[in-house]
Amino acid sequence: MADKAAYQQWRESAAAAKSFAASDSLPLWQKVHKVNQAYAGLALEGLRSKHRHKLLAGFGEVNAVFAGYTINSFDDYKKIKEADLREIIRIVCSLGPPKGK
């Protein structure tokens, strides 16, 4: 059963991620950290199965990009290649909820 509060939280997370991605005041590596952080604590159990799978698959793609790096601290994001940073932002920003939800 889909939970309205979970979908609202998803919409808010997606909006925050897009806002961070569009920010001109943050360097690219900080945008990646903030974009990912926007989805922290999202209540996946309240989403329909197909939507949970969409999010999990997307973050699996993000993890595959991160797999090439050792991230032990916030500053380690500075070591990620620009192309990979942009790819992470692209993936996360594509994870928004469907329009009707």
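Hydrogens, waters and symmetry mates play no part in the numbers below; they use all other heavy atoms, side chains included.
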- [ ] Could you tell me which residues satisfy ring-ring contact (aromatic ring centres under 6.0 Å, His included) with Phe20, sequence neighbours excluded, listed by chain and number?
- [x] none
Open item on the list: As an exercise, state the distance from CD1 of Ile88 to NE2 of His33, rounded to the nearest 0.5 Å.
Closed with: 12.0 Å
Task: Side-chain heavy-atom pair Pro27, Lys78 within 4.5 angstrom cut-off - done: no
Task: Arg52 CZ to Leu55 CG distance, which is reported to the nearest 0.5 Å - done: 10.0 Å
Open item on the list: Between Lys31 and Tyr77, is there a side-chain heavy-atom distance shorter than 4.5 Å?
Closed with: no
TODO: Keeping the roles fixed (side chain from Lys54, backbone from Gly96), state whether a donor-acceptor pair exists under 3.5 Å.
DONE: yes
Task: Note, Ile80 side chain near Leu28 side chain (heavy atom, < 4.5 Å) - done: no
Open item on the list: So which atom in Ser13 and which in Leu42 form the shortest heavy-atom distance, rounded to 0.1 Å?
Closed with: OG-CD1, 4.2 Å
Open item on the list: Tell me whether Trp10 contacts the main-chain N or O of Leu95 through its side chain, where contact means a donor paired with an acceptor under 3.5 Å.
Closed with: yes
Open item on the list: Any side-chain to backbone donor/acceptor pair from Tyr69 onto Lys81? Under 3.5 Å, distance only.
Closed with: yes
Task: By side chain to side chain donor-acceptor pair (under 3.5 Å) - contacts of Gln9 (at least two apart) - done: none
- [ ] Calculate, to the nearest 0.5 Å, the distance between atoms CD1 and CG belonging to Ile89 and Asp84 respectively.
- [x] 11.5 Å
Open item on the list: Is any side-chain heavy atom of Trp29 closer than 4.5 Å to one of Lys79?
Closed with: no
- [ ] Write down the atom of Pro97, the atom of Ala14, and the distance for their closest heavy-atom approach.
- [x] CD-CB, 3.8 Å
Open item on the list: Quick one, Asn36 and Val92 - any side-chain contact, counting heavy atoms below 4.5 Å?
Closed with: yes
Task: Shortest non-hydrogen contact between Ala17 and Tyr39, atoms and distance - done: CB-CE1, 4.0 Å
Open item on the list: Could you work out, with side chain to side chain donor-acceptor pair (under 3.5 Å) as the rule, every residue matching Ser49, not counting sequence neighbours?
Closed with: His53
- [ ] May I ask you to test the Leu44-Leu47 pair for a side-chain heavy-atom distance under 4.5 Å?
- [x] yes
